[in-house]
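Structure, as structure tokens:
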Amino acid sequence: MDKTFNAAEAENRLYAAWEEAGCFTAGANARPGAETFCIMIPPPNVTGSLHMGHAFNNTLQDILIRWKRMQGYDTLWQPGTDHAGIATQMVVERELAKDKSNATRREMGREAFLEKVWEWKGQSGGTIINQLKRLGTTCDWSREAFTMSGAPGAPADAQGNFHDAVIKVFVDLYHKGYIYRGKRLVNWDPHFETAISDLEVENVEVPGHMWHFKYPLADGQTYDYVEKDADGNVTLRETRDYISIATTRPETMLGDGAVAVHPSDERYAPIVGKLCEIPVGPKEHRRLIPIITDEYPDPTFGSGAVKITGAHDFNDYAVAKRGGIPCYRLMDTAGRMRNDGQPYAQAAEIAMTVARCERSLTEAETDAVNLVPDDLRGLDRFEAREKVVEQITAEGLAVMTVAGDPRLGAPSSGSPRGPRAEETPGQARDEAAPEDAPEDAAPALVPLVEAKPIMQPFGDRSKVVIEPMLTDQWFVDTDQIVGPALDAVRNGDTKILPERDEKVYFHWLENIEPWCISRQLWWGHQIPVWFDEDGNEYCAPSEAEAQALAPGKALTRDPDVLDTWFSSGLWPIGTLGWPEKTPELEKYFPTNVLITGFDIIFFWVARMMMMQYAVVGQKPFDTVYVHALVRDEKGKKMSKSLGNVLDPLELIDEYGADAVRFTLTAMAAMGRDLKLSTQRIAGYRNFGTKLWNAARFAEMNGVYAGGAPSAEIPQATATVNRWILGETARVREEVDAALAAYRFDDAANALYRFVWGKVCDWYVEFAKPLLQEDAPEKAETRAVMGWVIDQCLILLHPMMPFITEELWGSMGARPKMLIHTDWPAYAADLADAEADREMTWVIALIEDIRSARAQMHVPAGLQIPLVVTGMTDTARAAWDRNATLITRLARIDSLTAVETFPKGCITVPAEGATFGLPLAEVIDVGEEKTRLEKSLQKLGKEIGGLAGRLKNPKFIESAPEEVVEETRENLAARQDEEAKLKAALERMAELG
């Protein structure tokens, strides 16, 4: 056996051997008539590369699959990748742009562009699959699925026909009335010119501004504006001819449909139902809008009045729907102000007739109305913002404030959108005083523009500001299909772990909105709907079938594609061959467990639940295990901008896959984020080295001289051998119970304690004298040691597959590779109570003596005497049977029975005896006391500082969460150290 494990060389060799032997295929190593166990991989994007989240997620899946496969289950770990519509289209367009001689996507046309995408997929699309193999994942790669397999243009040898399944589901749900086309507000990416999901929106806090404007009342009307304090006392009374609002997006004022106030807001009661003027646009065609009531405005926030722009704000859209307020779209698909349709004057006149309730508009008619003034048409939305602010301010309709107001901030052109808010009551319409005004002149007034941070929605890939956009899209009427998905979790048919994530699931599904499933892309499943010249819809699996529904009519296919989440929502059945009744579908569906991240509980998990029930009437899985985030060692989310990203492939190169996997497993506490550091990974690499050295020790002591150890549990007479057999049985039960409960960290930590603590630290040392040539227990000890190390390899294999497989194959001929070796079933009744009691006594005594020596700073290599008093016969027998072990490991040169301890003796109590360490002549008691007291004094100051910081409410409220947590951890560590020093000082007192 080599001195060390060469992970870099062994991992590729072992993985190739597993693949060649067919170790991963569905049903491999299954016992006759075995139960099935199936996991569906959360399909990574075909454009993706392995990150720590993937490594964590797939390590946990692989552990379960290896464990169940070794138990003889008929296992399937179904792999595959997602076509990732927007991400893949972006990558291919970027690749094309690198060579300026290439045509753009639009210049190429749809068909030619899709050929390029398939070409790219064939060359580069398998990157993440190969990276997953580096981690040691044992998916059945022969069944690798792809969410666009079978689509037009797909390679003929592609696995499966996922495309037909997706199209069939759309057609079926359409004809059942669950899918419809309608106009609703969606997240719109102006760069890619497509709707996107909430998951593809990143909300980032950025510097922003809030402008305050006056909306004059129609026809010069006025009202008595009154403000009161909490006791009802009037604090402000004035006559106003306007209502004041505030906005972070002045350009959207052009599309306002109303101003809303709360029904209980007495300030505005006199003007509810009246009309006010939008203070922008040509004066001769200035639009009027109604002042309405709605529960949405907060009377205590700002002015309490909110402008309602239904086509460009999600909250406003809800108000507009409740109040029958028209939603006027202002922008085109690229985020520019609309430059189509009738002139502004004509559009404004139409809107005015609606505001006066003289006519109503259909949805299509409303969308055709372009309320962008002619001078703003075609401008970028942020350029238009600047122009709108200039025009309103020039007209004197900006709310004014005294110069020097701390709220003021210089307006920035193109200031991004942020959360809605409204302004406090405005001042009278005054002009700012000139700079050379005399000192006793009225204070200078300036437009009120508040500088404040705002939450800004960006496209996660385009990095441009996302625009809420009212567009025609395809939707799933989720209200009609959500019921069974809710019931399945409520009644326990599907269990979500940890239970707190059930609340997230219920929150989403109990408040579900229609699901927008269309995307304005080319890469994806094209929607199977054709339109005739009159706009009638014909939904069918193919154009020929659609044409049969519309004989003699010219048809045009909808150019949009389906949202990626729609196709991945069919992942469990689509990968198993549905709609065909395949043997795999019959055998493995419903699947057993889904392991996924908390961030896609709604986007993927809930949608799979809804879709499977809607399509096949069954749950897709029994259990959903939701894991948390992998963060850096300080608890911060990993990001390239922070420079704290840990690359799993680089970590595998440096420490080996086993160390990375075991670290992730040992830290996988249910519901708690991981704080990952390279020091931890290095520590678990040392754990692998410890196991390797134990196996080498066994080899050097003839354990494998006769070949591989027997799989049968060996007979043992020696106390230490009986003890280790029982410990092995206990840890097997502990590991099985932990894995069955998805307590991955408990399983890993139990094995760490057993392998390092019990086997390597104690049993190997205890066994040394028993392996001497003249020792009567030599043969028995060799058999026990070989069997115990084998059990270590078996139990560790799901977590550390490479080093365990390498050791397994190095110990003689085996009937099977470790990956297919039978998982043990022996129980804790293998334990011997007498042996346990005796070895527990021996270990405790050695540890207590070592602890006392360490506390007193006794030189590590120094042999010292031990005295004992009050020793019972049982304790004497235990000592006699293990004296060699105790004296060698505790570095004791003799044991003497005494009536009373001599002066200067440290007490070491044990069951049935009291031992003493005479140290008065060994250490300088005075110097050691001084050292301990100084250390305690220094530690006390540190503890006081940390405790004071944690008692300070300002620190708790203002400091980042990771800093507070780090302070708590530091305090706990120092308090623990203080307790140890105090114990040492108390022991020092025994020396006189």
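Just so it is clear, the model here is predicted, and its values are computed rather than measured.
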Fill in: Trace of the side-chain contact (heavy atoms from CB on, under 4.5 Å) decision for Ser149 with His163
CA-CA 6 Å; Ser149 64; His163 175 72; over 6 Å; no
Practice prompt. Flag the pair Arg519 and Asp560 as a salt bridge only when some basic side-chain nitrogen lies within less than 4.0 angstrom of an acidic carboxylate oxygen.
Written response: no
Worksheet entry | Carboxylate-amine/guanidinium contact Arg105 Glu93, below 4.0 Å | yes
Practice prompt. Taking the side chain as every heavy atom from C-beta outward, state whether Trp522 and Val561 have any pair of such atoms under 4.5 Å apart.
Written response: no
Fill in: Any side-chain heavy-atom pair of Lys133 and Trp141 under 4.5 Å
yes
Practice prompt. May I have the step-by-step check of side chain to side chain donor-acceptor pair (under 3.5 Å) for Trp474 and Asp558, ending in yes or no?
Written response: CA-CA 10 Å; Trp474 288 96; Asp558 192 310; 2.8 Å; yes
Worksheet entry | Backbone of Thr138 reached by a side-chain donor or acceptor of Arg69 within 3.5 Å | yes
Response to the item:
Test ring-ring contact (aromatic ring centres under 6.0 Å, His included), reference Trp508, set Phe602, Phe598, Trp515, output is Phe602
Practice prompt. Could you please spell out the steps behind the side chain to side chain donor-acceptor pair (under 3.5 Å) verdict for Tyr588 and Asp74?
Written response: CA-CA 9 Å; Tyr588 296 111; Asp74 181 342; 2.5 Å; yes
Worksheet item: Who passes salt bridge (Lys or Arg N to Asp or Glu O under 4.0 Å) against Asp479, sequence neighbours left out?
Response: none
Fill in: Exercise: identify the closest heavy-atom pair between Pro44 and Ile128
CB-CD1, 3.5 Å
Discussion item. Measuring from atom CG of Asp501 to atom CG of Leu497, what distance do you get when rounded to the nearest 0.5 angstrom?
Written reply: 9.0 Å
Worksheet item: Between Phe56 and His627, is the gap from one ring center to the other below 6.0 Å?
Response: yes
Worksheet item: Ignoring hydrogens and geometry, is there a side-chain-to-backbone donor-acceptor pair from Arg134 to Gly136 under 3.5 Å?
Response: no
Worksheet item: Is a side-chain donor or acceptor of His175 paired with a backbone partner of Cys539 at a separation under 3.5 angstrom?
Response: yes
Worksheet item: Is the shortest side-chain N to carboxylate O distance from Arg184 to Glu513 below 4.0 Å?
Response: yes
Worksheet item: Any side-chain donor paired with an acceptor under 3.5 Å for Asp532 and Asn536?
Response: yes
Worksheet item: Would you call Arg338 and Asp332 a salt bridge, taking side-chain N to carboxylate O under 4.0 Å as the test?
Response: no
Item to complete: For residues Phe170 and Tyr178, establish whether the separation of their ring centroids is below 6.0 Å.
Response: no
Discussion item. Contact between Phe192 and Val464 at the side-chain level, heavy atoms closer than 4.5 Å - yes or no?
Written reply: no
Discussion item. So which atom in Ala30 and which in Ala34 form the shortest heavy-atom distance, rounded to 0.1 Å?
Written reply: CB-CB, 4.4 Å
Worksheet entry | Heavy-atom closest pair, residues Gly552 and Gln547 | N-NE2, 4.2 Å
Worksheet item: Step by step, would you call Tyr174 with Tyr538 a ring-ring contact (aromatic ring centres under 6.0 Å, His included)?
Response: CA-CA 10 Å; Tyr174 175 92; Tyr538 303 92; 10.0 Å; no
Worksheet item: Between Arg500 and Gly671, is there a donor-acceptor pair closer than 3.5 Å when you use the side chain of the first and the backbone of the second?
Response: yes
Item to complete: Scan side-chain atoms only and decide if Ser542 and Glu545 contain a donor-acceptor pair under the 3.5 Å cut-off.
Response: yes
Discussion item. Quick check against the 3.5 Å criterion: does Asp313 have a side-chain atom that pairs as donor or acceptor with the backbone of Asp316?
Written reply: yes
Worksheet item: Any idea which heavy atoms bring Glu107 and Thr104 closest together, and the distance?
Response: OE1-N, 2.8 Å
Practice prompt. Please say whether more than 12 non-hydrogen atoms of neighbouring residues, nucleotides or ligands are located less than 6.0 Å from CD in Glu533.
Written response: no
Practice prompt. Without swapping roles, check the side chain of Thr81 against the backbone of Val46 for a donor-acceptor pair under 3.5 Å.
Written response: no
Fill in: Check ion pair Glu95-Lys98 (N to O, under 4.0 angstrom)
yes
Discussion item. For Glu35, I'd like to know if atom CD has over 12 heavy atoms of other residues, nucleotides or ligands within 6.0 Å.
Written reply: no
Worksheet item: Side chain of Trp523, backbone of His83: donor and acceptor closer than 3.5 Å?
Response: yes
Item to complete: Show the numbers, then the answer: is there a side-chain contact (heavy atoms from CB on, under 4.5 Å) between Phe24 and Tyr15?
Response: CA-CA 10 Å; Phe24 312 155; Tyr15 199 91; 3.4 Å; yes
Worksheet item: Hey, is the main chain of Thr362 close enough, under 3.5 Å, to the side chain of Glu365 for a donor-acceptor pair?
Response: yes
Discussion item. For Phe744 and Tyr742, take the angle between the two ring planes, folded into 0 to 90°, and tell me which bin it lands in: parallel under 30, tilted 30 to 60, perpendicular over 60.
Written reply: tilted
Discussion item. Keeping Gln480 on the side-chain end and Gly177 on the backbone end, is there a donor-acceptor pair under 3.5 Å?
Written reply: yes
Worksheet item: Parallel under 30°, tilted from 30 to 60°, perpendicular over 60°: which one fits the rings of Phe37 and Tyr73?
Response: perpendicular
Response to the item:
Rounded to the nearest 0.5 angstrom, the NZ-CG distance for Lys176 and Asp477 is 14.0 Å
Discussion item. If you apply the rule side chain to side chain donor-acceptor pair (under 3.5 Å), what do you find for Asp189 with Ser462, and how did you get there?
Written reply: CA-CA 8 Å; Asp189 189 314; Ser462 67; 2.6 Å; yes
Fill in: Side-chain donor-acceptor pair present, Gln520, Gln473, cut-off under 3.5 Å
yes
Discussion item. Any salt bridge linking Asp622 with Lys495? Criterion: basic side-chain nitrogen under 4.0 Å from a carboxylate oxygen.
Written reply: no
Worksheet item: If you take all heavy atoms of Arg143 and Thr575, which pair is closest and at what distance?
Response: NH2-O, 2.9 Å
Fill in: Whether over 12 other heavy atoms sit under 6.0 Å from Lys116 NZ
no
Worksheet item: Passes side-chain contact (heavy atoms from CB on, under 4.5 Å), Ile573 versus Gln612? Steps please.
Response: CA-CA 8 Å; Ile573 54 174; Gln612 260 59 213; 3.2 Å; yes
Worksheet item: Quick one: are Arg607 and Val476 in side-chain contact, heavy atoms under 4.5 Å?
Response: no
Item to complete: Check whether any side-chain N or O of Asn57 sits under 3.5 Å from a backbone N or O of Gly53 as a donor-acceptor pair, and report yes or no.
Response: no
Discussion item. So Asn187 and Asp198, do their side chains get closer than 4.5 Å, heavy atoms only?
Written reply: yes
Discussion item. How long is the straight-line distance from CE of Met90 back to NE2 of His191, given to the nearest 0.5 Å?
Written reply: 8.0 Å
Practice prompt. Kindly compute the distance separating CG (Leu649) from NE2 (His54), expressed to the nearest 0.5 Å.
Written response: 11.5 Å
Worksheet item: Can we say Asp172 and Lys168 salt-bridge, meaning some charged N sits less than 4.0 Å from an Asp/Glu carboxylate O?
Response: yes
Worksheet, complete the sentence: Closest heavy-atom pair, Leu470 versus Arg329, reported as atoms and distance to 0.1 Å, is O-CD, 3.4 Å
Worksheet item: Can you check side-chain contact (heavy atoms from CB on, under 4.5 Å) on Val615 and Leu570, steps first, answer last?
Response: CA-CA 9 Å; Val615 176; Leu570 299 172; 4.2 Å; yes
Discussion item. What's the separation between atom CD in Gln123 and atom CH2 in Trp120, rounded to the nearest 0.5 Å?
Written reply: 10.0 Å
Discussion item. Under 4.0 Å between a side-chain nitrogen and a carboxylate oxygen: does that hold for Lys619 and Asp493?
Written reply: no
Worksheet item: Atom CD of Gln61 and atom SG of Cys139: how far apart are they, to the nearest 0.5 Å?
Response: 7.0 Å
